[in-house]
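So you know, we letter chains A, B, ... as the sequences are listed, proteins then strands, and number each from 1.
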Protein chains: 4
Amino acid sequence: MPNTPPSNPPAAGQPPGAAPPPAGRQPRNRRLPAHERRDQILDAALHEFSERGFGAARMDDIAARAGLSKGGLYAHFESKNAVFQALMQRMLMPDLLFGERPPLAGAPAPEDALAARVDGFLDRAYERLEDDRFIRTLHLLVAEGPRLPDAIAGWRESHLRLLRRQQAMMRRGVEDGALRDSALTDAVQLVHAPILLAAILKLLQDEAHARSVLPRLRAAHRRLLLDQLREPGPD
Amino acid sequence: MPNTPPSNPPAAGQPPGAAPPPAGRQPRNRRLPAHERRDQILDAALHEFSERGFGAARMDDIAARAGLSKGGLYAHFESKNAVFQALMQRMLMPDLLFGERPPLAGAPAPEDALAARVDGFLDRAYERLEDDRFIRTLHLLVAEGPRLPDAIAGWRESHLRLLRRQQAMMRRGVEDGALRDSALTDAVQLVHAPILLAAILKLLQDEAHARSVLPRLRAAHRRLLLDQLREPGPD
Amino acid sequence: MPNTPPSNPPAAGQPPGAAPPPAGRQPRNRRLPAHERRDQILDAALHEFSERGFGAARMDDIAARAGLSKGGLYAHFESKNAVFQALMQRMLMPDLLFGERPPLAGAPAPEDALAARVDGFLDRAYERLEDDRFIRTLHLLVAEGPRLPDAIAGWRESHLRLLRRQQAMMRRGVEDGALRDSALTDAVQLVHAPILLAAILKLLQDEAHARSVLPRLRAAHRRLLLDQLREPGPD
Amino acid sequence: MPNTPPSNPPAAGQPPGAAPPPAGRQPRNRRLPAHERRDQILDAALHEFSERGFGAARMDDIAARAGLSKGGLYAHFESKNAVFQALMQRMLMPDLLFGERPPLAGAPAPEDALAARVDGFLDRAYERLEDDRFIRTLHLLVAEGPRLPDAIAGWRESHLRLLRRQQAMMRRGVEDGALRDSALTDAVQLVHAPILLAAILKLLQDEAHARSVLPRLRAAHRRLLLDQLREPGPD
DNA sequence: AATGAATGAGAGTTCATTCAT
DNA sequence: TATGAATGAACTCTCATTCAT
């Protein structure tokens, strides 16, 4: 994004993201263990890529944010693409879009156990929304994923695996009589959908709105899960 | 994305979007009505911005796709930012993330009417997922929105207005006895969430997967809506 | 001067001259007599060339200032160069640097007549300093002349002729006993030098300073001329 | 001055300065001490700015003349404006228009001393006229100063200070009886005016004329100074 | 004559990448 | 390893000039 005119009058609403480039760098920090440096660099890259987009992110800024010089950065990664790839590798392990653990199913359990499990699930899910790195990773995935199909091939596969496993568990829960057969057991995604929506809301709406809406959304989400999954009971 | 790295292993998944630049331009198609040109340009811009991201999109490519020269483009928009702003304006009118019409509420109606209304809503919603421009606009909104808070201020406001109106209608539906009081009437967003999830799925997963999952998702979505909203009936 | 960033943040002190581009143009002014239009255009060109320099002046701005469109301008001048050439032609007639009339010499005259003639000369000379067009023309001549030797060939010649004539008159004044033989009659340029200095001062210093210095400079100039040229008298 | 007009009669006097762009660049002269490079760049910039004007000068040419690439140039100066500003800073120290040292005043001295001092002054002053950098700087100052009031604010101030100091010295010379009270002691500028005129002459007239006129001008200037400043003596 | 959309060749500026130190 | 000056290929934006209207 060369000009953005400086000249160019940086009028309100201009693309180069609100936050200014990272700050200067500390004085001479030498020789970190290579893998620590790599992590610092990837953190910096996550920040910059999500802040400006892959194309518009600058190696200079990534380097500065990671606390070394541009030249030093190239000692660890041979190109901008390589940084991006490595970032995608790292982001892969815990599934980001649909949670790394099966949400609700499990061995048969008393009624209260369902409520407990639902609350545990919601706790984890909505907590992640407060994690800056989670939000940025999601942003990056949605923003750059479509134009980099190959880069996220890994994510795609692991996501599919995860979904299948979760779907199977739901089915088993129904067979076991622990869960009611419902729309949610037809498609696990419906369990996750409100969280994705909440995340996107956080990305696009201002904090004030997010803070006021999220609790209501979560409460409704809870009601939905219990309503749909709770077995009517033997009365 | 200035220089195409000629050095390192051009491994699969390198960022420069898959699709090659647009095709060349017809010979001398002079003097279109200004508003027609503007529309052509905005279409082209939507394509390029969503394909490569705002930062990495090239004015040259937008111009070529719109059928004029780079210089000519600047006769209509004074900067890349201005193109982006105009695009965001245009995308604004029909709400993109949550549909421009109240989804399900209305005057009291017989049971069949609810099913009919639900189906109408789902028809519209899932049809839009097939519209390339809708998907691209959503992508652009999520990808660039967070770094351009001002640019999407308009969208944000209209989205809030819409949501409030829809929420009010749901409430009225409940009061009228047309809808059952449920998680969905607590938070309309739950009605839309599965569609957002479907859209993101289309962005990130390959077509094959999308084609196989979407119908099941839609069916479950339908079941959910009817289940939650249908009044138990007087029997 | 493409960017001047815009990008460039138009910080204080940036080259593109303080004054903003000319104002908009009146609504549809048609068909002026060609020579009137030419004059308007040349006036506009003088303004723009002196304000921004030949290279940085824009045909658009010249046209707007002259009250027509860029296309219309090209109906009168076939190129930017042509405008410049015509401007130089026009500026030529009255000598700009050294006054079009012999400054001080003439037929023998009584002592008072010298004072009167000196005052007349100074009146004319210092009045011209208040003429915007004179100052701009001088500026343009000094700014662009050195890089456009051919364009000012005409001026150069006429200036030489003028100088020679004036020198001859001075000599005759001395021979006639009307003027004292002095440094000034050795080189007429010395008579003009203070005025040139005053003009350059007006170009480079702020108005306040100019207003305060010019009168003192003029008074000293007057004293110098009378001192040097006045015949001691027959006492 | 983007496109060299290929159409109209390339008549004599077309703006694009006479001298062709600078020569090519040596092969890979890497890594100069930063301040040396800065100086080289400013020298190059002085040349190019004075040759073509600020607006029409090209960063490419400045870079080439300074012996590095355009991109390298931007490692030292962040914009064309910045180069100009720095150039103006550097030019500031010795006053360019009116000499850095008081011209003629001093402690009382025998008559011959006045002549000696006058000759010293003239030596220095007219020698500077042979210095290409002096002439170019003057040209640049007069050509671009008026459109860049802020850029020359520094020069303006230092020029005023200098003038005041010189004027005070003249006054003291008169009080000491070393100088005659005259037009020149009323306004020091009159002492410098002929030199400014000579400089402008060098800019605008061809060398031949300058060579023939300058000596006569200088002789007359000398006569003027001695005539005006020499105390009548007690004879 | 006049208009202004359109062209196309730059010009200023940015930035991934290299490499002497 | 680390640095940062240097390169060179883009990129955004400008502007003289053309030409359909």
Side-chain angles (χ1 to χ4, degrees), chain A residues 1-8 28-32 34 37 56-61 63 68-76 78-81, chain B residues 1-8 28-34 37 55-60 68-76 78-81, chain C residues 1-8 28-32 34 37 56-61 63 68-76 78-81, chain D residues 1-8 28-34 37 55-60 68-76 78-81:
Chain A
M1 216 157 25
N3 261 348
T4 316
S7 97
N8 316 33
R28 301 252 149 202
N29 55 337
R30 283 294 179 72
R31 294 266 166 169
L32 249 63
R37 261 289 145 80
R58 292 182 296 243
M59 291 297 265
D60 270 305
D61 289 346
L68 37 50
S69 73
K70 195 166 30 173
L73 176 49
Y74 276 87
H76 294 275
E78 67 174 355
S79 74
K80 198 180 174 186
N81 284 348
Chain B
M1 219 154 22
N3 21 13
T4 324
S7 51
N8 32 332
R28 301 248 150 199
N29 59 336
R30 288 290 196 74
R31 204 145 274 249
L32 247 63
R37 261 290 142 79
R58 291 182 297 243
M59 290 298 263
D60 271 307
L68 39 47
S69 70
K70 186 170 35 173
L73 177 48
Y74 278 87
H76 295 274
E78 67 174 359
S79 72
K80 199 181 177 185
N81 284 350
Chain C
M1 210 158 26
N3 260 345
T4 315
S7 45
N8 321 8
R28 303 252 148 200
N29 56 337
R30 283 293 179 73
R31 295 267 165 166
L32 251 62
R37 261 288 145 81
R58 291 182 297 244
M59 290 298 264
D60 271 306
D61 289 346
L68 37 48
S69 71
K70 196 166 28 173
L73 177 49
Y74 276 87
H76 294 276
E78 68 174 357
S79 74
K80 198 181 177 186
N81 284 349
Chain D
M1 221 155 21
N3 22 13
T4 324
S7 49
N8 32 333
R28 302 248 151 196
N29 59 335
R30 288 290 195 75
R31 203 146 274 249
L32 247 63
R37 260 291 142 81
R58 292 182 297 244
M59 290 298 263
D60 273 305
L68 38 47
S69 70
K70 188 166 38 170
L73 176 48
Y74 278 87
H76 295 274
E78 67 175 358
S79 71
K80 198 180 176 186
N81 284 350

Compare side-chain N and O positions of A:Arg37 against OP1 and OP2 of F:dT1 and report whether any pair is under 4.0 Å apart.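 For F:dT1, neither OP1 nor OP2 has a side-chain N or O of A:Arg37 closer than 4.0 Å.
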Taking atom [atom2] of [N] as reference, at what distance in whole Å does atom [atom1] of [X] sit?
{"X": "A:Glu78", "N": "E:dT17", "atom1": "CD", "atom2": "P", "result": "9 Å"}
{"X": "B:Met59", "N": "E:dT7", "atom1": "CE", "atom2": "P", "result": "14 Å"}
{"X": "A:Tyr74", "N": "E:dC15", "atom1": "OH", "atom2": "C1'", "result": "9 Å"}
{"X": "A:Asp61", "N": "F:dG4", "atom1": "CG", "atom2": "C1'", "result": "15 Å"}
{"X": "A:Arg58", "N": "F:dA10", "atom1": "CZ", "atom2": "C1'", "result": "15 Å"}
{"X": "C:Asp60", "N": "F:dC13", "atom1": "CG", "atom2": "C1'", "result": "14 Å"}

Selection from [options] that lies nearest to any side-chain heavy atom of [X]:
{"X": "A:Leu68", "options": "E:dT17, F:dA2, F:dT12", "answer": "F:dA2"}
{"X": "C:Ser79", "options": "F:dT12, F:dT17, E:dT17", "answer": "F:dT17"}
{"X": "C:His76", "options": "E:dA2, E:dT13, F:dT17", "answer": "E:dA2"}

On DNA chain E, check which nucleotide each of D:Ala57 and B:Gly71 is closest to and give me the residue with the more 5' one.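 Its nucleotide being nearer the 5' end, the pick is B:Gly71.
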Quick one: on DNA chain E, does C:Leu73 or B:Leu73 contact a more 5' nucleotide (nearest heavy atom)?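 Taking each residue's closest nucleotide, the earlier one in sequence belongs to C:Leu73.
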Can you name the nearest heavy-atom pair linking B:Gly55 to A:Ala56, along with the distance?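 The pair with the smallest heavy-atom distance is CA-CB, 3.8 Å.
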Please name the pair of heavy atoms, one in C:Leu73 and one in C:Met59, separated by the smallest distance, quoted to 0.1 Å.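 Nearest pair, atom of C:Leu73 first, then C:Met59: CD2-O, 3.6 Å.
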Can a donor-acceptor pair under 3.5 Å be found between the side-chain atoms of C:Lys70 and the base atoms of E:dT3?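 Answer is no: no donor-acceptor pair is held.
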For DNA chain F, just give me the dot-bracket, please: Watson-Crick or G-U, both distances below 3.5 Å, ( ) intra-strand, [ ] crossing earlier pairs, | paired with another strand, . unpaired. .||||||||||||||||||||
Keeping B:Lys80 on the side-chain end and B:Ala57 on the backbone end, is there a donor-acceptor pair under 3.5 Å?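 Yes: the side chain of B:Lys80 pairs with the backbone of B:Ala57.
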Among D:His76, D:Lys70, D:Glu78, which one satisfies side-chain contact (heavy atoms from CB on, under 4.5 Å) with D:Tyr74?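 One option only clears the test, and that one is D:Lys70.
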